[in-house]
Amino acid sequence: MPKRRSFAQRALEPLAAPGLALLVLCAWQVAVPFFGLSEFVLPTPWQIAGRMVSDFPLLLSNGYVTLFEVLAGFACAIAGGVPTALAIFYSRPFERAVYPLLIALQTVPKIVLAPLLVLYMGYGWAPKIFLAFLIAYFPIVISTVVGLQTLEPGMVNLVRSMGASEAQTFWKIRLPAALPSIFGGFKVAIALAVIGAVIGEYVAAERGLGYLQLQANAKFDTTLNFASVVMVSLIGVLLYSAVMFFERRLVYRREAAH
Amino acid sequence: MSRARAPIGLGVRIDGVSKAYETREGEDLLALDRIDLEIRAGEFVAVVGPSGCGKSTLLSMLAGLIRATSGTIRIDGAPLTGPHPGAGVVFQSDHLLYWRTVLDNVLLPIEIKRRPLAGYAARAEELLAQVGLAGFSAKMPSELSGGMRQRVAICRALIQEPGLLLMDEPFGALDALTREQLIMDLQTMWLAVGNTVLFITHGIDEAIFLADRVIVMSPRPGRIDLDLAIDIPRPRRWKEIHENAAFLAAARKVREIFEAKGVLAAD
């Protein structure tokens, strides 16, 4: 039984996390001058915020590049991952041949391929998108396969007894039952796609937030570096929220009731 | 109960049907051994037997979900090759789709059979009202109790207006009081609809209470040991049934079979 909470507790609860974040930022703001750190070593949150305003066009134009790479990689991962999962689920030979390899490859850190991808694909968008795709692909495949397997056999018998075709079984029950797991994979994948794109930019790039960070490092511009970090984080939060938005519209979770 | 008894029942004829499964060791396990059974249109037949007697296998074959190893099943004279469009199934587990409302769950078979949904929504509400679920159509399954969920599952089978209603231990997972209520509800609905029912159960009392005929099966291999007609006028009442001489005699006969087969220990 949950304990009864007072009105004040309930009113303050949603403010707990933002409040803690604000507290940390204030401590940071105060600690930097207190320890006599220069902006080059550690800029204050206020300085970073100021820089985000003054250099907003620069951050935005590079942010668009990274955002595009992430979205393109994620879209490719869905376009490739969901059909792969369907093939694994519906074709036993395909499952036997491909699934063990996919699980084995899952353990390979895809990031180590970044320099090779640059070698083969050049300095443009291609290797970043490919890395974002590669890193996002596996969780989508695996969560989709797991989702398709969640349906109880009794459910299949039920719709078969009504005369359902294989396609109807898929659209009416198997896919809806798989959606919670599929979206779980999407959420992991979108966060990983951001990592893939930025790592790709670290290796070799002419644009993008990862590139901007390297430029800032070369010029000992720590504030711009931090501003880029904030920008990447914003992209991550934005995309994760977008996936959650679609999840809320499309997925009814068993636990969500009551 | 306003609806008149419509002649919608389908006749079933089972001739020499056997079902063998291959075990993991590669041996054949005979689940059903040459079953002969005829069910007249509009008849309520209950099959009672211990687990492993193949009664659920028999139902799955009638539902067109599995094939007999040998023998034939005919529905209204036509050999059965797959799920029959006139058959509706209720399983022990309600299998409601948790992402759909009660109404959309009831309408699922209509959707699958690609009939116009609009024509059936009112009928669905009517069926729900008959089982005491008026006003529940917009609820989600997780908001319902186990008994309510099984009632929805029964409505989902009935909306297809099945000439043959197949029920596989439909009340097996319910508590005693809910079960009693649903047995009464089923009798009421069946009296209104008049379709053919095959009701699988391991409950001797509910089998005798509901059925025109009780088929007693014994396991390994599944065989019919007794085919017992129940002549108790309807509507029957659960409260009085345990004092009814015909009921008690039927129950004694079924128990004697189970005792003879070692399914029930003799006192």
Notebook entry, point to check: Shortest non-hydrogen contact from B/Pro83 to A/Arg160?
Noted result: CG-O, 3.1 Å

Notebook entry, point to check: For A/Asn157 and B/Leu65, which heavy atoms make the closest approach, and how far apart are they?
Noted result: O-CD2, 3.5 Å

Note to self: With a 6.0 Å cut-off (strictly less than), is the heavy-atom count around CZ of B/Arg179, excluding the residue itself, greater than 12?
What the structure shows: yes

Notebook entry, point to check: Taking everything shown except A/Tyr90 itself, do over 12 heavy atoms lie less than 6.0 Å from its OH?
Noted result: yes

Item checked: Contact origin within B/Leu166 toward chain A - heavy atom pairs under 4.5 Å -> neither

Check: Within a reach of under 6.0 Å around CZ of B/Arg115, are more than 12 heavy atoms found that belong to other residues, nucleotides or ligands?
Finding: yes

Check: Of the non-hydrogen atoms in B/Lys113 and A/Met162, which two are nearest, and what is the gap between them?
Finding: CE-O, 3.4 Å

Checklist line | Shortest non-hydrogen contact between A/Ala177 and B/Tyr98, atoms and distance | finding: O-OH, 4.1 Å

Note to self: For a quick test of reading the model, state the closest non-hydrogen atom pair linking B/Ser142 to A/Tyr252 and the distance between them.
What the structure shows: OG-OH, 3.7 Å

Notebook entry, point to check: Between atom OG of A/Ser161 and atom NE2 of B/His95, what is the distance when rounded to the nearest 0.5 Å?
Noted result: 10.0 Å

Next item on the list: Flag yes if more than 12 heavy atoms outside B/Lys139 fall under 6.0 Å of its NZ atom; otherwise flag no.
Entry: no

Margin query: Below 4.5 Å, heavy-atom pairs only: which of B/Ala63, B/Pro141, B/Pro109 has the largest tally toward chain A?
Written below: B/Pro109

Next item on the list: Report, as yes or no, whether the 6.0 Å neighbourhood of atom OH on A/Tyr64 holds more than 12 heavy atoms from other residues, nucleotides or ligands.
Entry: no

Check: Measuring heavy-atom distances to chain A, does B/Glu111 have an atom under 4.5 Å in its side chain, in its backbone, in both, or in neither?
Finding: both

Check: For A/Gly163 and B/Ile112, which heavy atoms make the closest approach, and how far apart are they?
Finding: C-CG2, 4.1 Å

Notebook entry, point to check: Is it the case that more than 12 heavy atoms not belonging to B/Arg114 sit under 6.0 Å from its CZ atom?
Noted result: no

